[in-house]
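One structure below.
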Amino acid sequence: MSDPLLSWLTDPPRTAGDLHGRGIHLADDRGGWAFHGYPELAASARRVAGSLAAQGVRPGDVVCVLLPTGFPCLSSLFGVWAAGATVCLVPPPAFAAEAEYVEHTAGILRQTEAAVTITAEALAPLAARVLAAAGSDRAPWIWRDDGDEIPPREPGELALLQFTSGSSSRPRGVRVTWANLEANLALIRSALGWRAGDAGASWLPLHHDMGLIGCLLTPVSVQDDLWLMRPEQFIRDPARWLRCFAVAAHTAAPPFAFEYAARRLGDRLADLDLSAWRNAIVGAEPINPRALEHFAGLAAPAGFSPSVYLPSYGLAEATLAVTVRTSGAPAPTLRVDTGALRFGGPVTIADEGEFASSVHPPSDDAADGWLIGCGGPGDGVGATVVDDRGRTLPDGHLGEIAVTGPSVTSGYHAGRTGSTRFLDGGIRTGDAGFFHRGELFVLGRMGDSLKARGRSVYMEDLEAKVVSATGIAREKCAVVGVEGTGGTSVTLFAEKPEGAWAEDATLVLRGALGDDVAITVVTGRSGLIRKTSSGKPRRRHMWEELRAGRLKDAHVLETAHVTTGRPV
């Protein structure tokens, strides 16, 4: 097999002098780890490939994998590739209601027209309901490791269908070729300074691009060790992930992971051994530099350095990584005047500094308005900021981020379209940002903004203001904006009992939005904030559910007026 990412499936290398070789350490539910070497994994993948071939799967077919992180999932992923087929990793059921999960997942399977859907025996009834909802008369195939091995087949052009998380619309399958994948993995390894014999650690879900490409395929592509957990194992015990960094050098995670670990562990972070940790690519959601500093301060006695953080920017339509800071100098931080933001116009910088560590939680003033630099474009990547007409803007001007290069994919599967547009061999991302001294600073999705007082206001920025004013956890609140003929309104959803904090939140939103925007506060229990499979708030979905009266136990505290506009 000619592709270097797949050649190990034929002849996985063994490490000289090491009886076990290298491979993947999977977290079990007893606090231990189960090691599976690459030769074992390759043999299992060849048997899965034999079973798929016996069912008529041909090179170029799409095979969906509906399994949680574990050996069957890994065996299936590489087994699909050994069969020469295209893989689509489908999110396993997590916290969503079953009806919502079936509808969402059926939409994925309907687009893929999968030849086979692989699942586990325990998930087979649910998978069958998903297939039926997708209009398929096929039964799911229950993974087993008893097929006849076949030699790996040559792959077609398409490696995987990577479905977007669906934070602003229904998910779309991004067509990722082997050439896209190889280019992006090379970019990531270069940014990390990956050395032979390094190891990684991750808890990110494998159906998400950062979990699959950034955390799993990066070490697999060079046959190095990986410590791999399921997301719920991290939630139960974040210290378990952190203990990996006594030996592991690399990871990737959203900033939420560091905020959560700091809140759960506090001063106990100092008791860990983090001395081997060299790099943590941080992305997938807006980055609050002060929250990262708080974790770094608490973890400093354990050997953690702020230089470990590599803030980055990427998206599935560009395979994954677009910009990643390289190790070395501290990341620059800026505080921008959000009240003066105008698309296409200059960004007013109110303050400028360098990333540092602090053992104290971020204060209201320190947390509000700060952005962190996400590095420059990786090797072979072109990243610019453009105006409404696609003209490149100079440094310091707010516009839409545009990307070109070998990692840019060819588009969405089945003719789908979205806010990210594929134009002239590149993409207009739908994300707003600006360059400053060669560093990209990202504000958020353009679809997650509205106009107030003649300027752009971003939902992530409003959420940061609410967090600063009320102390509510970032993941426990979400802001949704609506623009329409009935006026402009903003709704704050919060997983918190009503109290004086709601008045503080309303005041800070009023200060940011002015008197012409209606403000509504909705409270509820855990689960009120609907999220994508990667943890981002599904803003439009929540607004639609609220209007339809389907948000059970939600309590509306304040409504200035009702609007029939369009959610951003």
Side-chain angles (χ1 to χ4, degrees), residues 1-12 41-67 73-90 108-118 134 136 138 140-141 143 147-164 171-187 206-207 209 212-213 216-218 220-221 316-320 380 405-416 422 425 427:
M1 183 169 283
S2 59
D3 194 292
L5 184 57
L6 299 178
S7 59
W8 67 276
L9 291 173
T10 301
D11 185 23
L41 184 55
S44 181
R46 293 193 298 268
R47 289 191 289 272
V48 168
S51 296
L52 293 174
Q55 296 179 73
V57 172
R58 298 167 298 179
D61 283 348
V62 176
V63 175
C64 287
V65 177
L66 198 167
L67 288 165
C73 182
L74 298 175
S75 167
S76 298
L77 163 64
F78 296 113
V80 172
W81 280 346
T86 298
V87 73
C88 174
L89 294 177
V90 178
I108 293 176
L109 266 62
R110 193 177 299 116
Q111 290 182 52
T112 65
E113 298 182 332
V116 173
T117 298
I118 306 175
S136 172
R138 300 174 184 267
W141 181 67
W143 176 87
D148 294 329
E149 287 190 33
I150 64 169
R153 298 164 166 175
E154 284 295 321
E157 180 186 13
L158 197 62
L160 64 98
L161 289 180
Q162 177 65 63
F163 274 79
T164 61
R172 298 169 298 276
V174 178
R175 297 173 58 84
V176 181
T177 66
W178 287 106
N180 295 150
L181 203 50
E182 288 291 345
N184 213 251
L185 287 169
L187 185 162
L206 298 184
H207 62 267
D209 51 2
L212 175 62
I213 299 168
L216 173 64
L217 297 184
T218 296
V220 169
S221 68
E317 290 83 352
T319 304
L320 177 58
S407 294
V408 171
T409 63
S410 60
Y412 297 120
H413 194 60
R416 295 296 197 273
F422 293 82
I427 49 177

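The structure displayed is predicted, hence computed values, not measured ones. When a residue number appears, it is its place in the shown sequence, counting from 1.
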Check whether any side-chain heavy atom of [X] lies under 4.5 Å from a side-chain heavy atom of [Y], and answer yes or no.
{"X": "Leu6", "Y": "Pro152", "answer": "no"}
{"X": "Leu216", "Y": "Leu74", "answer": "yes"}
{"X": "Cys73", "Y": "Leu206", "answer": "yes"}
{"X": "Leu67", "Y": "Ser76", "answer": "yes"}
{"X": "Thr319", "Y": "Thr409", "answer": "yes"}
{"X": "Tyr412", "Y": "Glu317", "answer": "yes"}

Within residues 76-89 or reaching into it, pairs that qualify as salt bridge (charged side-chain N to carboxylate O under 4.0 Å, His left out) - sequence neighbours excluded: none
How long is the gap from [atom1] on [X] to [atom2] on [Y], to the nearest 0.5 Å?
{"X": "Phe163", "Y": "Leu109", "atom1": "CZ", "atom2": "CG", "result": "8.0 Å"}
{"X": "Thr112", "Y": "Asp61", "atom1": "OG1", "atom2": "CG", "result": "11.0 Å"}
{"X": "His413", "Y": "Leu158", "atom1": "NE2", "atom2": "CG", "result": "7.5 Å"}
{"X": "Leu89", "Y": "Asp209", "atom1": "CG", "atom2": "CG", "result": "11.5 Å"}
{"X": "Leu52", "Y": "Ile150", "atom1": "CG", "atom2": "CD1", "result": "8.0 Å"}

If every non-hydrogen atom of [X] is compared with every non-hydrogen atom of [Y], which pair is closest and at what distance?
{"X": "Ala114", "Y": "Arg138", "answer": "O-NE, 3.6 Å"}
{"X": "Arg46", "Y": "Leu9", "answer": "NH1-O, 2.6 Å"}
{"X": "Ser51", "Y": "Trp141", "answer": "CB-CZ2, 3.6 Å"}
{"X": "Gln111", "Y": "Gly173", "answer": "OE1-N, 3.8 Å"}
{"X": "Trp178", "Y": "Gly156", "answer": "CD1-O, 2.9 Å"}
{"X": "Gln162", "Y": "Ala316", "answer": "CG-CB, 4.1 Å"}

Candidate pair Leu77 and Val65, rule side-chain contact (heavy atoms from CB on, under 4.5 Å), full reasoning: CA-CA 7 Å; Leu77 163 64; Val65 177; 5.6 Å; no
Single hit among Asn180, Leu160, Leu161 for side chain to side chain contact (heavy atoms under 4.5 Å, CB included) with Arg175: Leu161
Derivation and outcome, side-chain contact (heavy atoms from CB on, under 4.5 Å), residues Val80 and Val48: CA-CA 7 Å; Val80 172; Val48 168; 5.6 Å; no
Glu113 CD: over 12 foreign heavy atoms closer than 6.0 Å: no
Criterion side-chain contact (heavy atoms from CB on, under 4.5 Å) on Leu185 and Thr218, from CA distance to verdict: CA-CA 6 Å; Leu185 287 169; Thr218 296; 3.6 Å; yes
